[in-house]
Peer 1: 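Input: one structure, supplied below.
Chain letters run A, B, ... following the sequence lines, proteins first and then strands; every chain starts at 1.
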Amino acid sequence: MCGRFNVVSAPLTQFIMEILDSDTPVPHLSTEYNIAPTEQVQVVYTEADRRCLASMRWWLVPHWAPEPSTKYSMFNAKSETLATSRAFRDSFKSRRCIVPVSGYYEWRTEQSVKVPYYVEADADKGLALAGLWDRWEKDERVVYSCTIVTAEAPQSMQALHRRIPVHLNRAEITQWLAVETATESLAALLAPTLRVPLKITPVSSYVNNARHKDSRCVEPTGPSVRIALD
DNA sequence: CCAGACGTTGTT
DNA sequence: GTCTGG
DNA sequence: CCAGACGTTGTT
DNA sequence: GTCTGG
């Protein structure tokens with residue numbers, strides 16, 4: 001799954017520029033080493049046929065929710081049920097987005113101890129994670145929020161975790177963000193195939209505490225492993 | 001009909 | 001055990 | 001995702 | 001808002 005990630009300003013800003021329209025102003029991004037669910041995150045979405053960057057709350061609040069709440073686990077969305085889930089299907093049809101990250105963390109239980117790993121792109125400045133967004137409004141309050149789509153891990157990543165966020169390559173970003181793309185044709189993007197080469201590094205359990213926000217979160221504790229395309 | 005859910009992962 | 005906060 | 005709280009009354 | 005369960 002994906003419950004914690006990272007934004008390192010300079011390289012990620014470059015990555016975001018590459019996936020935004022060329023005439024869109026340079027976004028300002030601050031470096032965040034340990035972003036947790038319910039925090040504000042930067043999201044690329046389509047508005048009036050243009051790719052925009054906006055700040056959204058990482059925990060989807062459906063437009064019909066009586067109040068923003070964390071009663072239900074809404075920071076990830078299972079790819080298998082996006083089309084039928086009452087909470088996600090409207091967003092799946094017309095409000096897909098990209099959550100650009102420098103890398104994300106996964107925990108693996110080893111001898112009953114949870115060990116964090118940092119996952120990043122092996123040949124790029126960032127990762128484009130598939131997401132959904134929604135807009136909630138009541139009285140004077142407006143909340144834009146998002147969730148990250150998860151899928152079964154490809155064979156090459158099963159050793160790390162059974163489920164991972166959906167990584168999109170450049171062509172897939174275009175498909176995912178296009179409002180006119182029929183959801184049926186997105187099945188290939190949600191399949192358990194690795195289409196972005198990755199580098200995985202064990203890191204300090206310092207990252208476990210979501211209050212720890214400095215670079216010690218990505219301090220390696222062992223050698224990296226590279227994972228090639230399927 | 002009304003009331004209540006609407007979600008994810010992992011684990012024993 | 002389960003919910004809230006980050 | 002993980003960590004940490006989970007409670008009440010009255011007071012400096 | 002919309003579906004499921006009773």
Side-chain angles (χ1 to χ4, degrees), chain A residues 1-7 30-42 55-95 99 101-120 127 129-138 142-143 145-154 157-167 183 190 192 200-219 221:
Chain A
M1 68 192 305
C2 182
R4 218 71 80 72
F5 68 83
N6 221 358
V7 164
S30 55
T31 294
E32 302 284 348
Y33 284 102
N34 193 5
I35 299 170
T38 69
E39 293 185 28
Q40 291 292 122
V41 302
Q42 298 294 319
S55 175
M56 299 192 187
R57 174 186 156 92
W58 179 24
W59 194 297
L60 196 82
V61 180
H63 58 86
W64 43 258
E67 284 295 321
S69 132
T70 53
K71 182 173 178 190
Y72 302 100
S73 199
M74 301 284 277
F75 61 99
N76 282 159
K78 278 182 79 171
S79 58
E80 293 89 336
T81 50
L82 294 183
T84 51
S85 154
R86 289 196 285 283
F88 298 130
R89 63 182 170 193
D90 292 346
S91 292
F92 183 46
K93 271 186 209 140
S94 55
R95 289 184 295 277
V99 182
V101 307
S102 295
Y104 65 91
Y105 304 93
E106 290 286 3
W107 280 261
R108 181 166 74 144
T109 304
E110 300 172 0
Q111 290 113 40
S112 75
V113 178
K114 291 207 159 193
V115 178
Y117 288 81
Y118 183 58
V119 182
E120 61 196 310
L127 283 172
L129 303 183
L132 309 174
W133 64 276
D134 208 342
R135 179 186 187 277
W136 178 92
E137 180 175 13
K138 189 173 184 181
V142 177
V143 176
S145 63
C146 65
T147 186
I148 294 175
V149 177
T150 64
E152 185 188 338
M157 290 192 75
Q158 288 274 344
L160 176 67
H161 210 279
R162 291 183 68 251
R163 297 189 65 81
I164 58 162
V166 173
H167 317 103
T183 54
L190 304 173
I200 302 180
T201 312
V203 292
S204 162
S205 58
Y206 184 76
V207 71
N208 290 15
N209 190 330
R211 292 170 193 265
H212 293 164
K213 299 296 192 188
D214 60 273
S215 63
R216 279 181 281 175
C217 290
V218 288
E219 200 166 88
T221 57

Peer 1: With salt bridge (Lys or Arg N to Asp or Glu O under 4.0 Å) as the rule and sequence neighbours excluded, what pairs involving residues 77-94 of chain A come up?
Peer 2: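 Those involving residues 77-94 of chain A are A:Glu80-A:Arg163.
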Peer 1: Quick check on A:Arg162: does its CZ atom have over 12 non-hydrogen neighbours (other residues, nucleotides or ligands) under 6.0 Å away?
Peer 2: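 Open: at most 12 neighbouring heavy atoms sit under 6.0 Å from CZ of A:Arg162.
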Peer 1: Return the set of residues passing side-chain hydrogen bond (donor to acceptor under 3.5 Å, both in side chains) with A:Glu120 (not counting sequence neighbours), or none when no residue passes.
Peer 2: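 So A:Glu120 forms no side-chain hydrogen bond (donor to acceptor under 3.5 Å, both in side chains) with any residue.
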Peer 1: Ignoring hydrogens and angles, tell me if any N or O in the side chain of A:Asn76 forms a donor-acceptor pair with the backbone of A:Cys2 under 3.5 Å.
Peer 2: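 Indeed, once roles are kept as given, a pair shorter than 3.5 Å links the two residues.
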Peer 1: Identify the 5'-most and 3'-most nucleotides of DNA chain D with at least one atom closer than 4.0 Å to a non-hydrogen atom of chain A.
Peer 2: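 First and last nucleotides in contact are D:dC1 to D:dG4.
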Peer 1: Measuring only the P atom in each nucleotide, how far is D:dC2 from B:dT12? A whole number of Å is fine.
Peer 2: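 These two P atoms come out 14 Å apart once rounded.
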Peer 1: Report the residues that fulfil side-chain hydrogen bond (donor to acceptor under 3.5 Å, both in side chains) with A:Tyr33, sequence neighbours left out, ordered by chain and then residue number.
Peer 2: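 With neighbours one apart ignored, the set is empty.
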Peer 1: Using the P atom as the point on both nucleotides, what is the distance between D:dG7 and C:dG5, in whole Å?
Peer 2: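 Those two atoms are separated by 12 Å.
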Peer 1: Does anything in residues 74-85 of chain A reach DNA chain D, meaning a heavy atom under 4.0 Å, and if so which residues?
Peer 2: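 Going residue by residue through residues 74-85 of chain A, the ones with a heavy atom under 4.0 Å of DNA chain D turn out to be A:Phe75.
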Peer 1: Need one value for A:Thr147: base, sugar-phosphate or nothing, where a base atom within 4.0 Å counts as base even if backbone is also close, heavy atoms only.
Peer 2: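 The answer is nothing, as A:Thr147 stays clear of every strand by at least 4.0 Å.
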Peer 1: How is the base pairing of DNA chain C summarised as a dot-bracket string, given the Watson-Crick and G-U wobble criteria with both distances under 3.5 Å, [ ] for crossing and | for another strand?
Peer 2: ||||||
Peer 1: Who are the ring-ring contact (aromatic ring centres under 6.0 Å, His included) partners of A:His212, not counting sequence neighbours?
Peer 2: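 A:Tyr206.
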Peer 1: Between B:dA5 and C:dG6, how many Å separate the two C1' atoms, rounded to a whole number?
Peer 2: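 Comparing C1' positions in B:dA5 and C:dG6 gives a spacing of 27 Å.
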Peer 1: Look at all strands and tell whether A:Arg163 reaches a base, only sugar-phosphate, or nothing, counting heavy atoms closer than 4.0 Å.
Peer 2: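 It contacts sugar-phosphate atoms only.
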Peer 1: For A:Trp59, enumerate each residue passing the ring-ring contact (aromatic ring centres under 6.0 Å, His included) test, keeping only those at least two apart in sequence or located in another chain.
Peer 2: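 Only A:Phe75 meet the ring-ring contact (aromatic ring centres under 6.0 Å, His included) criterion with A:Trp59.
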Peer 1: Kindly state each residue pair satisfying salt bridge (Lys or Arg N to Asp or Glu O under 4.0 Å) with at least one member in residues 55-75 of chain A, sequence neighbours excluded.
Peer 2: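 Those involving residues 55-75 of chain A are A:Glu67-A:Lys138, A:Glu67-A:Arg141.
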Peer 1: Work out how far the C1' atom of B:dC1 is from that of D:dT8, and round it to whole angstrom.
Peer 2: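 B:dC1 and D:dT8 have their C1' atoms separated by 45 Å.
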Peer 1: Determine whether A:Tyr117 and A:Thr221 satisfy the following criterion, side-chain contact (heavy atoms from CB on, under 4.5 Å), listing intermediate values before the conclusion.
Peer 2: CA-CA 9 Å; A:Tyr117 288 81; A:Thr221 57; over 6 Å; no
Peer 1: Roughly how far apart are A:Ile148 CD1 and A:Trp58 CH2, rounded to 0.5 Å?
Peer 2: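 Between A:Ile148 CD1 and A:Trp58 CH2, I get 4.5 Å after rounding to 0.5 Å.
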Peer 1: Could you list all N or O pairs between the protein and nucleotides 1-6 of chain E that sit under 3.5 Å apart?
Peer 2:
unit_1 : atom_1 : unit_2  : atom_2 : d
E:dT2  : O3'    : A:Arg89 : NH2    : 3.3

Peer 1: Would you say the side chains of A:Asn6 and A:Tyr118 form a donor-acceptor pair under 3.5 Å?
Peer 2: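 Checked: A:Asn6/A:Tyr118 side chains pair up, N/O donor to acceptor below 3.5 Å.
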Peer 1: Which part of the nucleic acid, if any, lies within contact of A:Lys114, taking any heavy atom under 4.0 Å across all strands shown: a base, the sugar-phosphate backbone alone, or nothing?
Peer 2: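 Since only primed, P, OP1 and OP2 atoms lie under 4.0 Å of A:Lys114, the category is sugar-phosphate.
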Peer 1: So, using side-chain hydrogen bond (donor to acceptor under 3.5 Å, both in side chains) as the criterion, who are the partners of A:Ser30 when residues are at least two apart?
Peer 2: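 Only A:Glu32 meet the side-chain hydrogen bond (donor to acceptor under 3.5 Å, both in side chains) criterion with A:Ser30.
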Peer 1: Considering only residues two or more places apart or on different chains, which pairs with a residue in residues 203-217 of chain A satisfy salt bridge (Lys or Arg N to Asp or Glu O under 4.0 Å)?
Peer 2: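 Every pair satisfying salt bridge (Lys or Arg N to Asp or Glu O under 4.0 Å) with a residue in residues 203-217 of chain A: A:Glu39-A:Lys213, A:Asp214-A:Arg216.
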